[in-house]
Protein chains: 2
Amino acid sequence: MSSKPLTPETIREVALRFKVLAEPARLLVLNVLREGPLNVGELIEETGLNQANLSKHLQLLHAGGFVSRQRDGLYVVYELSEASVFALCDIMCGQLQRQATAHARRLRR
Amino acid sequence: MSSKPLTPETIREVALRFKVLAEPARLLVLNVLREGPLNVGELIEETGLNQANLSKHLQLLHAGGFVSRQRDGLYVVYELSEASVFALCDIMCGQLQRQATAHARRLRR
DNA sequence: CAATTATATTACTATATGGTTATATAGCGA
DNA sequence: TCGCTATATAACCATATAGTAATATAATTG
């Protein structure tokens, strides 16, 4: 379905969105948030990223609309706002798998 | 479905694949190839990219398994090998649209 | 208000990468 | 073999960005 015309402007925006996902640290954050909302301190524990670095990644994820944020007293709680990210990752993993098996098949010959 | 464990290694590989798509020039190439296979000269015309630059992008797309390549005499013909890229783009565009409408709604209030 | 805690931001460094020009390689025909 | 054309690669520069340490801001409590 869909397949909009893909103007240069749209292409640029889509590329920007892919860029947000093109970083292991950010994928890790999204993956951790899959279990449920977490505040920054909890995210530091779960991801092992340091505070400043994590904060920067969170700003990017938030700017891209991938997570939403809500202050709760001293804490800021982040939550997935785009479950569709995991559809994307699943497709990517599917590609990886197909290529891996294709590669294996190639070797087997 | 699926939702494999997402090891750090998998996360890194998925990020790498997203990185290939995180570039307007490469999305443009893929979009042009959607119409059918083209050789490099034709891709230069269609995309407006210069020869060396396009060639580098093509190497990345090929390394990522997004396109396949076949020599035909003097020419090298590139072809989409992963139609699933457009499922990805469609999801991204869907996100863009949802965010745009959400933004519009927010303004309207 | 002062002290404390949680988060965001700034400033900086190091690295990666896109674009360009020049050069190299590959395949074709004479 | 020698040109000629198509494509790939190398070398370079400029820019973007991830990581880090230090600092700033925000909210809470006393």
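A note on names: the letters A, B, ... follow the listed sequences, proteins ahead of strands, and every chain is numbered from 1.
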Colleague: Could you identify which residues of residues 64-81 of chain A place a heavy atom less than 4.0 Å from some atom of DNA chain D, listed by residue number, or say none?
Modeller: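 Hits under 4.0 Å, by residue number: R71(A), G73(A), L74(A).
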Colleague: Does the N50(A) side chain pair with the main chain of N53(A), one donor and one acceptor, at a distance under 3.5 Å?
Modeller: yes
Colleague: Considering all heavy atoms of both residues, which atom of H57(A) and which atom of A25(A) are nearest to each other, and what is their separation?
Modeller: NE2-CB, 3.6 Å
Colleague: Write down the atom of F18(B), the atom of C89(A), and the distance for their closest heavy-atom approach.
Modeller: CE1-SG, 4.0 Å
Colleague: Shortest non-hydrogen contact from L21(A) to V85(A)?
Modeller: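 Closest pair (atom of L21(A), atom of V85(A), distance): CD2-CG1, 4.3 Å.
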Colleague: In residues 36-50 of chain B, which ones come under 4.0 Å of DNA chain D, going by heavy atoms?
Modeller: N39(B), V40(B), G41(B)
Colleague: Can a donor-acceptor pair be found, under 3.5 Å and without considering hydrogens, that links the side chain of Q59(B) to the backbone of S55(B)?
Modeller: yes
Colleague: Using only atom types and a distance under 3.5 Å, with no angle test, would you say the side chain of E42(B) pairs donor to acceptor with the backbone of N39(B)?
Modeller: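 Yes, E42(B) side chain to N39(B) backbone: donor-acceptor pair under 3.5 Å.
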Colleague: Can you name the nearest heavy-atom pair linking V77(B) to P37(B), along with the distance?
Modeller: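 Heavy atoms of V77(B) and P37(B) come nearest at CG1-CB, 3.7 Å.
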Colleague: What string of B, S and - do you get for nucleotides 13-18 of chain D 5' to 3' if you count protein non-hydrogen atoms under 4.0 Å?
Modeller: ----SB
Colleague: Using a 4.0 Å cut-off to any heavy atom of chain B, which nucleotides of DNA chain C are the first and last in contact, reading 5' to 3'?
Modeller: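 Using the under 4.0 Å cut-off, the span is dT17(C) to dC28(C).
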Colleague: Examine distances only and state if a side-chain atom of T101(B) and a backbone atom of Q97(B) form a donor-acceptor pair shorter than 3.5 Å.
Modeller: yes
Colleague: Quick check for you: to the nearest 0.5 Å, what is the distance between S81(A) atom OG and R69(A) atom CZ?
Modeller: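 The CZ atom of R69(A) is 11.5 Å from OG of S81(A), to the nearest 0.5 Å.
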Colleague: Taking all atoms of both residues into account, what is the closest heavy-atom pair of V67(B) and L58(B), and its distance?
Modeller: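 Scanning both residues completely, I find the closest heavy atoms to be CG2-O, 4.3 Å.
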Colleague: Tell me the interatomic distance from L58(B), atom CG, to dT9(D), atom C1', rounded to whole angstroms.
Modeller: 14 Å
Colleague: For L61(B) and L33(B): C-alpha separation, side-chain torsions, deciding distance, then whether side-chain contact (heavy atoms from CB on, under 4.5 Å) applies.
Modeller: CA-CA 12 Å; L61(B) 287 169; L33(B) 287 179; 5.9 Å; no
Colleague: For E35(B), which residues count as a side-chain contact (heavy atoms from CB on, under 4.5 Å) partner, sequence neighbours excluded?
Modeller: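 Per chain and number, E35(B) pairs via side-chain contact (heavy atoms from CB on, under 4.5 Å) with no residue.
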Colleague: List the atom of V20(A), the atom of L60(A), and the distance in Å for their closest heavy-atom pair.
Modeller: CG1-O, 4.2 Å
Colleague: As an exercise, state the distance from CG of L27(B) to CZ of F66(B), rounded to the nearest 0.5 Å.
Modeller: 9.5 Å
Colleague: Is the side chain of R12(A) donor-acceptor paired with the backbone N or O of P24(B) at a distance under 3.5 Å, no angle test?
Modeller: no
Colleague: Grab the N/O contacts between the protein and nucleotides 23-25 of chain D below 3.5 Å, and write none if there aren't any.
Modeller:
none

